[in-house]
2 protein chains.
Amino acid sequence: MLLSKSCEYGIRTALYLASQPQKEFIPIHVIGEMLGVSPHFLTKILQHLTQEGIMQSLRGPRGGVALARSPSELRLHEIVIAIDGPGLFTECVLGMPDCGEGQPCPLHERWSQAREQVFAMFSELTLEELGRRIVEENLRITDVTSSSLTRNT
Amino acid sequence: MLLSKSCEYGIRTALYLASQPQKEFIPIHVIGEMLGVSPHFLTKILQHLTQEGIMQSLRGPRGGVALARSPSELRLHEIVIAIDGPGLFTECVLGMPDCGEGQPCPLHERWSQAREQVFAMFSELTLEELGRRIVEENLRITDVTSSSLTRNT
DNA sequence: GATATTAAAGATAAAGGACTCTTAAAACCT
DNA sequence: AGGTTTTAAGAGTCCTTTATCTTTAATATC
């Protein structure tokens, strides 16, 4: 698995916040419901992202979480690094500590290229651009369909 | 982390076997020493690869493990799938079960491309080619330097 | 057949990931 | 001021991964 579960949830929360028209605080339980994950667990993940300066939170009524900075200045690789650490973008694919140009492993060259493409996937688009695409192209970030969310009895 | 530790060890063992000039059975404790991992733990991993038909084993004196098939017909992606499962090559990067052309996530297009490159890294070269390169270009697959292995007091 | 060597099998355990639950703290509303 | 809504914080559970140790079974060699 490329990303940890926590990282998946963190990214999807960020994408959800970026796709919301009004930039108010969104309660965590609303996001948790949408992602199909316990609000307590999600709280822990988002709390960490808040401490890392990626999100901001507000307690009490009308509270919740929101992006800490402008979506035009936030990219997904920050979230990956904040939760899973930088290893994915830096380490040898075979886990060899001193793999590099001097002592390359047999996959070094190819992994360097693939790694670059993976990093580009997380870093080329800002959350603003991603949020716009999610709205315009109706892209999927929720576990449940939006219809079942609105028409729930 | 792209691969589990077990998968890293499995791949490095396969690369080591492919780089050996004589294709005899190699005792697991020798490989474990070279990789810096407990032979018992490595035994478990290689036992699984044996059950999967990727390696073969022999007990007793002059026993050990060896590749089950010709190195020209073995590629690393088989080992990845045998140990970590096919998820890396098939699943949505955000873990969404029904992500696909019909319901794409915001990263679907880019991850499909990156995933292809990752798969190519594990599938384009055979173990025969990799083994030859390891020898010719003195590529690194061991934790300890080969000199410290030979000159150990 | 005895012996040494080796993988196989199984018991155990430490560490981390993935969660759940409870209580506290803050903000808001009346 | 008091009650309600919401996140913050922390303890605790369950499961998987990683790893070690011990015992057993197989086998080549003498």
Side-chain angles (χ1 to χ4, degrees), chain A residues 1-13 16-17 24-68 80 82-85 87-88 94-95 143, chain B residues 1-13 16-17 24-68 80 82-85 87-88 94-95 143:
Chain A
M1 191 148 41
L2 197 73
L3 305 175
S4 69
K5 279 284 174 194
S6 295
C7 194
E8 288 177 5
Y9 295 142
I11 288 180
R12 288 167 68 188
T13 297
Y16 176 74
L17 294 174
E24 299 167 341
F25 287 91
I26 311 269
I28 293 179
H29 70 85
V30 171
I31 305 171
E33 202 171 302
M34 184 199 59
L35 298 184
V37 64
S38 146
H40 297 101
F41 184 41
L42 190 57
T43 294
K44 203 158 265 183
I45 298 164
L46 300 184
Q47 187 180 336
H48 181 224
L49 289 178
T50 299
Q51 289 160 355
E52 294 284 326
I54 292 171
M55 296 191 181
Q56 59 184 136
S57 63
L58 185 67
R59 300 189 199 189
R62 307 186 44 119
V65 292
L67 297 175
V80 175
I83 297 180
D84 282 350
L88 179 64
L94 298 183
D143 266 17
Chain B
M1 190 148 44
L2 196 74
L3 304 174
S4 68
K5 278 286 174 194
S6 295
C7 195
E8 288 178 6
Y9 295 141
I11 288 179
R12 288 168 67 188
T13 297
Y16 176 74
L17 294 175
E24 299 166 339
F25 287 91
I26 311 269
I28 293 179
H29 70 87
V30 171
I31 305 171
E33 202 171 302
M34 183 199 60
L35 298 184
V37 63
S38 144
H40 299 100
F41 183 44
L42 191 57
T43 294
K44 235 165 234 174
I45 298 165
L46 300 185
Q47 186 179 343
H48 181 225
L49 290 178
T50 299
Q51 289 161 354
E52 293 285 325
I54 292 172
M55 295 192 182
Q56 58 184 136
S57 64
L58 184 68
R59 301 192 199 186
R62 308 188 42 120
V65 293
L67 297 174
V80 175
I83 297 180
D84 283 349
L88 179 64
L94 298 183
D143 266 17

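Just so we're on the same page: letters track the sequence lines, and every chain starts at 1.
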Proximal nucleotide (of [options]) relative to the [X] side chain:
{"X": "A/His40", "options": "D/dT4, D/dT20, C/dT22", "value": "C/dT22"}
{"X": "B/Lys44", "options": "C/dG10, C/dA9, D/dG10", "value": "C/dG10"}
{"X": "B/Leu58", "options": "C/dA9, D/dT27, D/dA8", "value": "D/dT27"}
{"X": "A/Phe41", "options": "C/dT20, D/dC21, D/dT27", "value": "C/dT20"}
{"X": "B/Pro27", "options": "D/dT4, D/dA28, C/dT6", "value": "C/dT6"}

Exercise for the section: Output yes when a side-chain donor or acceptor of A/Asp84 lies under 3.5 Å from a complementary backbone atom of A/Ser4, and no otherwise. Expected result: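 A pair under 3.5 Å: yes.
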
Exercise for the section: Look at all strands and tell whether A/Gln56 reaches a base, only sugar-phosphate, or nothing, counting heavy atoms closer than 4.0 Å. Expected result: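 No contact at all - A/Gln56 keeps every heavy atom at 4.0 Å or more from the nucleic acid.
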
Exercise for the section: Test B/Val37 against B/Lys5 for side chain to side chain contact (heavy atoms under 4.5 Å, CB included), laying out the working first. Expected result: CA-CA 10 Å; B/Val37 63; B/Lys5 278 286 174 194; over 6 Å; no

Counting only side-chain N and O atoms of [X], is one of them less than 4.0 Å from OP1 or OP2 of [N]?
{"X": "A/Thr43", "N": "D/dA8", "result": "no"}
{"X": "A/Tyr9", "N": "C/dC19", "result": "yes"}
{"X": "A/Ser4", "N": "C/dG17", "result": "no"}
{"X": "A/Gln47", "N": "D/dA9", "result": "yes"}
{"X": "B/Ser6", "N": "D/dT17", "result": "no"}
{"X": "A/Thr50", "N": "D/dT7", "result": "no"}

Practice task
Indicate yes or no: at least one non-hydrogen side-chain atom of B/Tyr16 is less than 4.5 angstrom from one of B/Leu35.
Solution key: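 No. Closest side-chain heavy atoms not under 4.5 Å.
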
Handout entry: Heavy-atom check, side chain of A/Leu3 versus side chain of A/Leu88, under 4.5 Å
Key =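 Of all side-chain heavy-atom pairs linking A/Leu88 with A/Leu3, at least one is under 4.5 Å.
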
Handout entry: Comparing A/Cys7 and A/Gly60 on DNA chain C - which has the more 5′ nearest nucleotide
Key =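 The residue closer to the strand's 5' end, by nearest nucleotide, is A/Cys7.
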
Whole-Å distance separating the [atom1] atom of [X] from the [atom2] atom of [N]:
{"X": "A/Ile28", "N": "D/dA8", "atom1": "CD1", "atom2": "C1'", "value": "9 Å"}
{"X": "A/Phe25", "N": "D/dT6", "atom1": "CZ", "atom2": "P", "value": "14 Å"}
{"X": "B/Leu46", "N": "C/dA7", "atom1": "CG", "atom2": "P", "value": "9 Å"}
{"X": "A/Met1", "N": "D/dT16", "atom1": "CE", "atom2": "C1'", "value": "11 Å"}
{"X": "A/Asp84", "N": "C/dA18", "atom1": "CG", "atom2": "C1'", "value": "13 Å"}
{"X": "B/Ile45", "N": "D/dA19", "atom1": "CD1", "atom2": "P", "value": "8 Å"}
{"X": "A/Arg62", "N": "C/dC28", "atom1": "CZ", "atom2": "C1'", "value": "10 Å"}
{"X": "A/Leu42", "N": "D/dA8", "atom1": "CG", "atom2": "P", "value": "11 Å"}

Handout entry: Chi angles and distances behind the side chain to side chain contact (heavy atoms under 4.5 Å, CB included) call for B/His48, B/Ile45
Key = CA-CA 5 Å; B/His48 181 225; B/Ile45 298 165; 5.9 Å; no

Problem - Minimum heavy-atom distance A/Ile54-A/Ala82, with the two atoms named - result: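 Of all heavy-atom pairs spanning A/Ile54 and A/Ala82, the closest is CD1-CB, 3.8 Å.
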
Exercise for the section: Answer yes or no: side-chain N or O of A/Arg59 and base N or O of C/dA25 forming a donor-acceptor pair under 3.5 Å. Expected result: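 Flag set: donor-acceptor pair detected.
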
